[in-house]
Amino acid sequence: LPMEVPLLTNINQITTGSEHSVVKDVNGTLFTFGHHNHGQCAVESQEHSIFSPVKVDLKTYSSPIFQIIGSEDSTFVLLLSGTMLSSGDN
């Protein structure tokens with residue numbers, strides 16, 4: 001049976017990689033979880049797996065998120081300004 005993912009509400013975008021997930025809520029907050037062995041979860045952690053959703057710090061960028069894209073071991077974030085951010089094995 002499907003399970004509710006704790007801590008996540010008002011989600012409006014979801015993408016996945018091979019073994020990680022990336023979600024964005026209606027406020028533009030980005031969360032990641034899953035395998036992090038290549039840094040694809042875009043958080044400062046030495047753990048190879050992140051079991052609960054973790055907020056990704058994007059406060060350096062003032063432009064809102066336009067689109068999120070997951071690939072095998074990478075995560076890409078396209079901002080409304082046209083700036084592309086990437087993390088993982090890219």
Side-chain angles (χ1 to χ4, degrees):
L1 294 172
M3 295 175 23
E4 184 176 336
V5 178
L7 307 174
L8 297 178
T9 58
N10 300 315
I11 300 303
N12 66 356
Q13 277 191 46
I14 301 170
T15 188
T16 63
S18 177
E19 298 182 44
H20 74 290
S21 299
V22 185
V23 299
K24 181 180 82 70
D25 69 15
V26 296
N27 297 316
T29 305
L30 195 67
F31 297 90
T32 59
F33 54 100
H35 278 195
H36 184 57
N37 51 323
H38 296 284
Q40 61 266 47
C41 286
V43 294
E44 292 187 32
S45 174
Q46 300 302 315
E47 298 297 321
H48 284 249
S49 292
I50 297 173
F51 297 103
S52 295
V54 175
K55 182 179 175 181
V56 177
D57 181 9
L58 293 176
K59 58 186 161 195
T60 303
Y61 304 94
S62 59
S63 182
I65 296 171
F66 176 69
Q67 186 176 14
I68 54 175
I69 302 118
S71 67
E72 187 168 339
D73 292 321
S74 303
T75 298
F76 300 92
V77 178
L78 179 60
L79 302 179
L80 199 56
S81 65
T83 299
M84 185 181 80
L85 311 175
S86 64
S87 63
D89 189 21
N90 45 40

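FYI, side chains are in, hydrogens and waters are out, and symmetry mates aren't considered; it's all heavy atoms of this structure. Fair warning: this is a prediction, and the values are worked out from it, not measured in the lab.
- Residues that satisfy the side-chain hydrogen bond (donor to acceptor under 3.5 Å, both in side chains) test with Ser86, not counting sequence neighbours, are Asn90.
- Within the 4.5 Å cutoff, no side-chain heavy atoms of Pro53 are placed close to those of Val23.
- The distance from atom CG of Leu8 to atom CG of Asp25, rounded to the nearest 0.5 Å, is 8.5 Å.
- For Asn12, the side-chain hydrogen bond (donor to acceptor under 3.5 Å, both in side chains) partners are Lys24, not counting sequence neighbours.
- Using modelled atom types, no side-chain atom of Asn27 and backbone atom of Thr29 make a donor-acceptor pair closer than 3.5 Å.
- A continuous path of ILVMFWY side-chain contacts below 4.5 Å connects Leu85 to Val54, so both sit in one hydrophobic cluster.
- Using a 4.5 Å cut-off between side-chain heavy atoms of Ile, Leu, Val, Met, Phe, Trp and Tyr, with links allowed through other members, Val5 and Leu7 fall into different hydrophobic clusters.
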Report all side-chain donor-acceptor pairs from residues 55-72 shorter than 3.5 Å, counting only partners two or more places apart or in another chain.
{"from": "Asp57", "atom 1": "OD1", "to": "Lys59", "atom 2": "N", "distance (Å)": "3.1"}
{"from": "Ser63", "atom 1": "OG", "to": "Leu80", "atom 2": "N", "distance (Å)": "3.3"}
{"from": "Ser63", "atom 1": "OG", "to": "Ser81", "atom 2": "N", "distance (Å)": "2.9"}

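- Inter-residue side-chain proximity for Leu30 and Val22 is flagged as met; some heavy-atom pair is nearer than 4.5 Å.
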Output side-chain donor-acceptor pairs under 3.5 Å for residues 31-38, partner residues at least two apart or in another chain, one line each.
{"from": "Thr32", "atom 1": "OG1", "to": "Cys41", "atom 2": "O", "distance (Å)": "2.6"}
{"from": "His35", "atom 1": "ND1", "to": "Glu19", "atom 2": "OE1", "distance (Å)": "2.9"}
{"from": "His35", "atom 1": "NE2", "to": "Glu19", "atom 2": "OE1", "distance (Å)": "3.3"}
{"from": "His36", "atom 1": "ND1", "to": "Cys41", "atom 2": "N", "distance (Å)": "3.2"}
{"from": "His36", "atom 1": "NE2", "to": "Val43", "atom 2": "O", "distance (Å)": "3.2"}
{"from": "His36", "atom 1": "NE2", "to": "Ser45", "atom 2": "O", "distance (Å)": "3.4"}
{"from": "Asn37", "atom 1": "OD1", "to": "Gln40", "atom 2": "NE2", "distance (Å)": "3.3"}

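- A search for side chain to side chain contact (heavy atoms under 4.5 Å, CB included) contacts involving Asn10 returns Val26, not counting sequence neighbours.
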